[in-house]
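Take a look at the structure set out below.
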Amino acid sequence: MKISLNWLRDYVALDASHDEISRAITFLGFEVEQIIRTGAPKLSHVVVGEVLVRDKHPNADKLSVCTVNLGDPLGVKTIVCGAQNYQVGDRVPVALPGAILPGNFEIKQSKIRGQSSDGMMCSAKELGISEDAAGLLILADRPALGAAINDVLPPGDTVFDIEITPNRPDALSHLGIARELAAWFKLPLLSPQEIFRGAIDETAGAALRRDLLTSVRVDCPEDCPLYTAHIISGIKIGPSPAWLQARLTAVGLRPINNVVDVGNYVMLETGQPLHAFDARKLGGAQIIVRRAVAGEKLTTLDGKERVLTPEMLVIADAIKPLVIAGIMGGVDSGVSPDTTDLVLECAFFKRQSIRATGKRLGLSSDSSYRYERGVDVHSSHEAAYRAIDLIIATAGGNVVGPGFRVGSDIPWQREIVVTHDYITEKLGFDIPAAEMRAAFEALEFTITREEPTAHPARGPAWTVGIPSWRDDLDRPIDLVEEVLRLYGTEKIPPAVVSSPGLLADDDPIVVFNRRVTDYLVGHDFHECVNHTLRPAKEIAAWVSASAAQELALANPFVEDQSHLRPTLVTGLLESLKLNQSRGVAVTHLCETGRIFLERDGQNVECASVGFIIAEPVAQRTWLKSNRTPIEDSFSAKHHVAALAGAAGIDFGRQPLAPSAAPFFGWQEGHSAAAGNIAHGWTARFGLLNLATVKSLGIQGKVYAGVFAILPEKITGDSSRRRYSDFSLLPAALRDIALVVDATTPSSEVQKTLAKFARAAAGNAFALESVSVFDVYTGAGVPEGKKSLAFSLVFRSSERTLTDDEVNAVFQKVQDEVGQTTAWQIRK
Amino acid sequence: MQDTLTALVAKAQPEFAALTTRPEFEAAKARYVGPNGELTALMKQMGTVPKEQRPALGKLINETKTRLQSLLDAALAQIEAAELQAQLGPAVDATLPAPDIGPGTYHPLTLVREEMCRILRKVGFTVADGPEVETEYYCFDALNTPADHPARDAQDTFYLPATAKFANVSKQNPEEKYLLRTHTSSVQIRTMLKGEPPIRIVSPGRVYRRDTTDATHSANFHQLECLYVDKNVTVRDLKALLDYIFASLLGKDTKTRFRPHYFGYTEPSFEVDLTATHLPKVKKPWIEIGGCGMVDPTVFANVGYDPEVWSGYAFGMGLERLAMLLYGIDDIRYFYQNDVRFLKQFA
């Protein structure tokens, strides 16, 4: 809200500097977003002069030498001037030696290109009035020669643009801010003078002008507890006086006419919105406050036709709605140039009603802004009388009768009992009791009682009466803030932070994220951060159409951020593409973050970590290309196993399923998955679908890995590890190559061999490992088959194994393979 | 015999010195000291030598054998040295660049988050976490944000459809809607409901606002909040924490100041400014960094803590904003583009 300093000074005699006032507003709890200075600053030695002669400067083409008349007693001066926009006979501001113009620019007697000059003729910018530096400020209304410029120019003002927090609707007015500043600077608060209040003939009866208004009826008092209407007759619409226009202009409002301007002025002064009807336009001379009928239409002042619904409160006449209550008037019922009789509304509407209607219509106004936040239930009388005063003063006319009044004053009484001790305890430092009490009084709270507490040393207990405009205060803690605001939050004394240990651990998810990020960054990945919200078509393409449905937001803001992400890979690909398109070489990218998966028709939020490894593209390096570290699906598998390990999962023991449709993003036959989110976690790794990656505009192959786990499944691994013995004796190795179907997974063969070998060795000694060391297709291996070579390692913890006993076991394994499998032993 | 042995050594010496490969070496070794070698043959003649000459001859043979062995050792060492030399290749120019992959880098948001967590851990805070999909209760109701509060508007908050179900995000009541949390304060509520005071947590995390993306706004961004609940916690304690945090982060002459403000979940509430002299690209003496206040008694009542017994403070700030101030980054979108030239600047 814009607050004019000139205006504030009507209510509080502020003589502090702008900076001090700005600081006061700030530490009272209102943010000063901007300080706008308008009009002329205070200037001395700047007067009105008239150009008598304008000659070309003998030594400079663009300069003139002028003779300027400043009247008596200053006389005639010679002034060198560079401006071009003036003529002989124009009156202009003249800064004489001793003047200090904005920017600390001091005017001196001087010589310009050999020509002496007695001062300077000024532009609007040089005087600090506006940004206009195009030429001299021509004073078109020809003020008296020699007059001080401040007497001629409209007075300057300083406007503070202040952000008012939603708990302080009382501060949405000049009086409200003045009250705060008066408290801060310890100055009295002056209320506007009331003139007509006592002069209204309360006995005359409302029937005096039945032609203008016969009745006011409120159909829904729950939304409108109080409605008042005054008739003012015989007014003349016209422009507002200059002072009123200047004030409205200063705070950013456009003057319209005297009546409308007074309405705005009083709202900005008191915070109470008002509305003026042209009495002759009230159909049936009635005002009815009612809910709208479904489908009723009203064209509001902004020119838009509004279709109303039955929740909306309107002010209507006998025929039609005229105003959306508390929000905006209609085009037909307002004041127009030929209006002579007014009905002035000053009402109290419930904030919930105004808010709901405004929201539904997408309509907001200065009036609704205040009603939504809460208008002082007791301000309507003052505001109405203040508006009547100003309308009569600016538009003439007379008040007819005592006015209509439907509903009753909302009773207000609120007292909070608070002790000096309580406030001190909450603050953690001492403010003298007298100072606390003074703070309450400065804010116009009434101290109805002050009593000593059980421990007199701890100071008194106060019963504090809260004024009706401070509905935000209803507990002792609220008064702690009031005391602290006025004491000054800058004076909170420093202290050492106390730090008792709480013996708690970081959340296991936090530990997991830290661990996997450390791992990946340690393996040369660049950690990325991508948006959680992704476009629908991407979800459908990467996961499923049903996921695209389940993960949709109800109210996305933009189309390409409409869904919760089910994978980190798409964001990483986007980052890869951005780098590639900018010509930045990048291969390894990773991210941790939340993803969202569908499980049995429900969604789950998962902690996830993902990475991509891209082929280096068009990278020119002195190192031979075959020197580049080889990355493939198995690098991805290695990393995924490590990431799963960080969550306590032994990835090596997990069955793997090859990727197939519908996991479109992953290349069939070159990627695989493990786990199942239904059991708490899931992982996938391998080559991303070549076509998908290419369609994204990415060059080269991309390998990826993702791991996701339900946050509740990550538990800190606190189990103590146990040492187990290992043999110091030599191992015995046997190799076996098997020809199997090309589609047979090696893990299946490996497991079978291990089973056979373990059975064959029995209790005699141990099979330490079975590992594949060669995969071969080609000459000697039939089409559709492959050869897998395994190394079997046997070892005993008690003795060195003899060839004979190992051979015997190995023979049994070979026999078993020959007898129970379709695999051929390759000799 | 003696002469023969001397001649043998003399013959072996140049032969061994000329050896360059292991097969040559093995062959030469066999020729002299192998089972059919010349020295072995001579040793076999020992039996034909008169008994009294045997000790002297035996000594001589042993000496010859030792001599040959040392020649062989030298030859082998020479071959091994040549082999290693062959492995080595020519000298490298160490000033040539290493492959330009890596080292990996932490995202600046991670760096700032971890630094804040480290500072807070030193004074007894532990890091808490919670869901990003939240419910109206945890995000608003429990935090004293009434149903008609503008923050709850669909204008400003992303909601999930009424039919959406999240199996692992608990609701307080079945009617409430799921939404994307607008602040990490929901973690405070979950933490307080789950445990008993005293509590000292820091909760960093991702939050969402339904807002236009521009240089200073992003649909998702990150916050970091602290919550401290104990007996007799005061405004002065809160100020002490903020002073400590920023002095640790920016140097001990960094100052903070409180400006009174309004938040529904704290009373009194403040905005926090810090002296900006350490910060790049900031031309103002003070810069706003976050909001804080004393936990509102209503919030304690909502989670079943007795406000007469427990008191506490909360502090929250935007991590992007902090990182932007610390590093002099002037566009929030850079955090989400992941241009590696950007990412590499903070490692």
Side-chain angles (χ1 to χ4, degrees), chain A residues 26-27 29 165 167 352 355 426-429 477-478 480-481 484-485 489-490 492-497 499-502 504-507 509-510 521-522 524-533 553-555 557 561 575 578-579 582 584-587 594 599 602-605 622-623 710 712, chain B residues 96 99-107 109-110 123-124 126-129 131-133 148 150 154 158-161 164-169 198 200 206 210-211 219-220 232 234-237 239-241 243-244 257-262 267-268 270 294 297 335-341 343:
Chain A
T26 302
F27 285 95
T165 50
N167 61 323
Q352 291 80 357
R355 186 172 145 63
K426 294 295 165 192
L427 292 177
F429 58 94
I477 191 72
D478 299 327
V480 172
E481 176 159 22
L484 182 55
R485 281 197 314 131
T489 48
E490 283 187 302
I492 300 169
V496 172
V497 61
S499 55
L502 292 179
D505 284 319
D506 287 353
D507 190 298
I509 302 168
V510 173
V521 171
D524 292 341
F525 285 84
H526 296 294
E527 188 195 4
C528 296
V529 172
N530 281 291
H531 285 284
T532 301
L533 300 177
L553 294 177
N555 60 338
F557 191 62
Q561 297 192 334
S575 302
L578 177 127
N579 280 285
R582 291 179 179 178
V584 180
V586 57
T587 53
R594 297 302 176 94
R599 184 188 82 182
Q602 295 203 349
N603 298 323
V604 283
E605 178 172 332
W622 69 274
L623 288 162
L710 299 178
E712 57 272 27
Chain B
L96 280 167
D100 64 359
I101 175 184
T105 52
Y106 292 94
H107 194 279
L109 291 174
T110 298
V123 287
T126 52
V127 188
D129 198 270
E132 290 177 12
V133 166
D148 67 342
F158 287 116
Y159 284 90
L160 276 298
K165 294 188 214 71
F166 280 81
N168 62 344
V169 180
R200 214 178 249 238
R206 179 168 291 198
R210 201 169 170 278
D211 208 343
N220 62 236
N232 305 318
T234 69
V235 171
R236 192 180 183 184
D237 292 331
K239 182 69 166 45
L241 178 83
D243 285 341
Y244 160 77
R257 69 176 191 188
F258 283 6
R259 284 180 287 108
H261 198 69
Y262 170 73
E267 181 72 33
F270 312 98
M294 307 306 291
F335 291 111
Y336 297 95
Q337 289 178 349
N338 306 306
D339 189 315
V340 171
R341 293 169 299 177
L343 298 178

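Just so it is clear, the structure is predicted and the values come from calculations on it, not from any experiment. By convention in this document, chain letters (A, B, ...) are assigned in the order of the sequence lines, proteins followed by strands, and residues within each chain are numbered from 1.
Between chain B and the residues Q561(A), R582(A), E490(A), the most heavy-atom pairs under 4.5 angstrom are made by R582(A). For the set L160(B), D339(B), V123(B), the count of heavy-atom pairs under 4.5 angstrom toward chain A peaks at D339(B). Considering only heavy-atom pairs separated by less than 4.5 Å from chain B, the leading option among N530(A), V584(A), N167(A), T165(A) is N167(A). Interface summary for chain B: among K426(A), R485(A), H531(A), Q602(A), the most heavy-atom pairs under 4.5 angstrom belong to H531(A). When each of L710(A), V521(A), D507(A) is checked for heavy-atom pairs under 4.5 Å with chain B, V521(A) comes out on top.
Of the two parts of V496(A), only the backbone, made up of N, CA, C and O, holds a non-hydrogen atom closer than 4.5 Å to a non-hydrogen atom of chain B. With a 4.5 angstrom heavy-atom cutoff, A128(B) touches chain A only via backbone atoms. Both the backbone and the side chain of L553(A) come within contact range of chain B, each with at least one heavy atom under 4.5 Å from a heavy atom of that chain. Only the backbone of F525(A) comes within less than 4.5 Å of a heavy atom in chain B; its side chain stays farther off. For R259(B), the parts lying near chain A are the backbone and the side chain together; criterion is any non-hydrogen pair under 4.5 Å. Looking at V340(B), the atoms closer than 4.5 Å to chain A (heavy atoms on both sides) sit in the backbone and in the side chain alike. Using a 4.5 Å cut-off between heavy atoms, L427(A) touches chain B through backbone and side chain atoms alike. Both the backbone and the side chain of L241(B) come within contact range of chain A, with heavy atoms under 4.5 Å apart. For a residue to count as touching a neighbouring chain, one of its non-hydrogen atoms must lie under 4.5 Å from one of that chain's; by this rule I509(A) touches chain B with the side chain only.
When all heavy atoms are compared, the tightest approach of A240(B) to A495(A) is CB-O, 3.3 Å. Shown here for Q337(B) and L578(A), the closest heavy-atom pair between the two residues is O-CD2, 3.6 Å. Contact record, S575(A) with N338(B): OG-ND2, 2.9 Å, taken as the closest heavy-atom pair. When all heavy atoms of A167(B) and R599(A) are compared, the pair lying nearest together is CB-NH2, 3.8 Å. Closest heavy-atom contact between E481(A) and P260(B): OE2-CB, 4.3 Å.
Taken from OG1 in T105(B) to CD in E527(A), the straight-line distance is 8.0 Å, to the nearest 0.5 Å. Taking CZ from R257(B) and CD1 from I492(A), the interatomic distance works out to 12.0 Å, rounded to the nearest 0.5 Å. The distance from the CZ atom of R594(A) to the CZ atom of R206(B) is 10.5 Å, given to the nearest 0.5 Å.
Here the side chains of V529(A) and F335(B) are not in contact, with every heavy-atom distance at 4.5 Å or above. You'll find the side chain of L533(A) reaches within 4.5 Å of the side chain of F158(B), heavy atoms only. Using a 4.5 Å heavy-atom threshold, the side chains of D237(B) and V497(A) count as separate.
D505(A) contributes no side-chain N or O that, together with a main-chain N or O of T126(B), makes up a donor-acceptor pair within less than 3.5 Å. Between the side chain of E605(A) and the main chain of E132(B), a donor-acceptor pair closer than 3.5 Å is present. Here the side chain of N555(A) pairs a donor or acceptor atom with the backbone of Y159(B) at under 3.5 angstrom. Listed for the D478(A) side chain is no donor-acceptor partner under 3.5 Å among the backbone atoms of E267(B). Put simply, the side chain of N168(B) never gets that close to the backbone of V604(A): no donor and acceptor are under 3.5 Å apart. Of the possible donor and acceptor atoms, none in the side chain of D129(B) sits under 3.5 Å from a partner among the backbone N and O of V510(A).
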